[in-house]
Amino acid sequence: MPMNCLGSRLAVVTIAVSFALALPASAQFAPPPAKPAAPRATAPSQRAASCHNGASFDRFLADVKNQALAAGVSQRALSEASPYLVYDQGIVNRDRGQRVFGQLFTEFAGRMAAPYRMQNGQQHIKQYAAAFARAEKEYGVPPAVIAAFWGLESDFGANMGNLPMLKSLVSLAYDCRRSDMFVGETIAALKVIDRGDLTPDEMIGSWAGELGQTQFLPTHYVNYAVDYDGDGRRDLLRSAPDVIGSTANYIANGLKWRRGEPWLEEIKVPPNLPWDQTDLTVQQPRSKWAQLGVTYADGRPLPNDNLAASVLLPMGRTGPAFMAYANFAAYTEWNNSLIYSTTAGYLASRIAGAAPMRKPAGQVAQLPFNELKELQQLLVRAGFNVGKVDGVLGQQSRAAVKAMQIKYGLPADSWPTAELLARMRGGTAQAQPAGMVR
């Protein structure tokens, strides 16, 4: 799911994933679900209108329609879509009640990048070889990269969601949490209808408003969907060529993919690596990492060149290690959950022929939920902003963990440990000045 601007299932988390990412065990190409009848409306909660000067949903919707007309949407498209532009409080409740769970990267990747999904990716590349070859030539995105997102997002069309998308979009637009964003997405969905790509009753997708086999937001559908099968429509529900070309277009032009460059490779790190340098914000030439003792996972030396890369440790220094290149930013832009983006990059490497990930030498300890939450509370007390204290190790929490590891002289790999928690329980450490956090 392209998530560079959407936090519907996860916003910024690093070792958490949404239940909505759990995909079916099969990976068979399937048609979209049957077209439903026009959805029924439910009454908004009392607080829903608080950011609209008390306007009712009907008044709010009338304003959205006027904005759509001003943006070039035809009256015909609005009339076709109107029966589906109804409010559903259940969608808003679902958005506000999102749940995430802590999970080790190896567990998540083991399930989501399982051999069957790798094999299905390779099979689809063979089945649609012409479209993949055309996409790679035009956009520079390797087939394995496209196939990995395709497999993770919908199992190649088997699981695209089953809710009327227009209802989801307009309900989330009326809610105050991300109203402006979803007003824009609603208008974009109307443009998809207006240009003849889909009809309102075909727009079946997720509760958070994503659509198609690689789960595009409507703005992405408008800006990046292409007609690759030549039928005059951009159909990301049923046309595999359209899915392939559109996904490549989005990755190349929306996420700024760099043609001919790698994205993620498994590596082996030495026990004396400067752990504070193992961060996506730190880039070194491969020759520098080689000097520090980093090799490929099978022991082969890294190339002695200046290609910039970061060392990524999703589970700390005792877990798997990867070399993340500039193209890995496309993954974190697609979905800024580190566990998802790393899994997507790893799956793409497997589809492209890489060996399976090495198992850690020993069990990687993970703090239980209550201790992670306690650690976050201690980090806040020490002066750090960790975002929400929720027992989930997000990006801000990882940065704070690294800073405190540096302060206590612990390996600064951003992975919370029982030792760090014990130190913080017994100490009165304060946050370092920003310039001292390496």
Given 3.5 Å as the limit, does a donor-acceptor pair link the side chain of Glu202 with the main chain of Thr199, or not? yes

Side chains of Ser310 and Leu280 in contact at under 4.5 Å (non-hydrogen atoms): yes

Backbone N or O of Leu237 within a donor-acceptor pair of the Gln213 side chain at under 3.5 Å? yes

Kindly assign one of parallel, tilted or perpendicular to the pair Trp257 and Tyr331, based on the angle between their ring planes and the thresholds 30° and 60°. perpendicular

If you look at every heavy atom in Ala412 and Lys402, which pair is closest and at what distance? O-NZ, 2.9 Å

Arg238 bridged to Asp235 by N-O distance under 4.0 Å: yes

State whether Arg117 and Asp155 are salt-bridged, where the test is any N-O pair (Lys NZ or Arg NE/NH1/NH2 against Asp/Glu carboxylate O) under 4.0 Å. yes

Could you check whether any side-chain heavy atom of Tyr228 comes within less than 4.5 Å of a side-chain heavy atom of Ser246, counting everything from C-beta outward? no

Residues Asp194 and Arg76 bridged, charged N to O under 4.0 Å: yes

Please say whether more than 12 non-hydrogen atoms of neighbouring residues, nucleotides or ligands are located less than 6.0 Å from CZ in Arg259. yes

salt_bridge(Arg233, Asp197) N-O dist < 4.0 Å: no

Might you confirm whether atom CG of Asp305 has over 12 heavy atoms from other residues, nucleotides or ligands at distances under 6.0 Å? yes

Has Arg178 got its NZ or CZ under 6.0 Å from the middle of the six-membered ring of Phe182, at an angle within 45 degrees of the ring axis? no

Are any of the side-chain nitrogens in Arg234 or Asp242 under 4.0 Å away from the carboxylate oxygens of its partner? no

Could you check whether the rings of Trp150 and Tyr128 sit parallel, tilted or perpendicular, using 30° and 60° as the cut-offs? tilted

Taking 4.0 angstrom as the limit, do Asp298 and Arg300 come out as a salt bridge? yes

Which of parallel (below 30°), tilted (30 to 60°) and perpendicular (above 60°) describes Phe57 and Tyr174? perpendicular

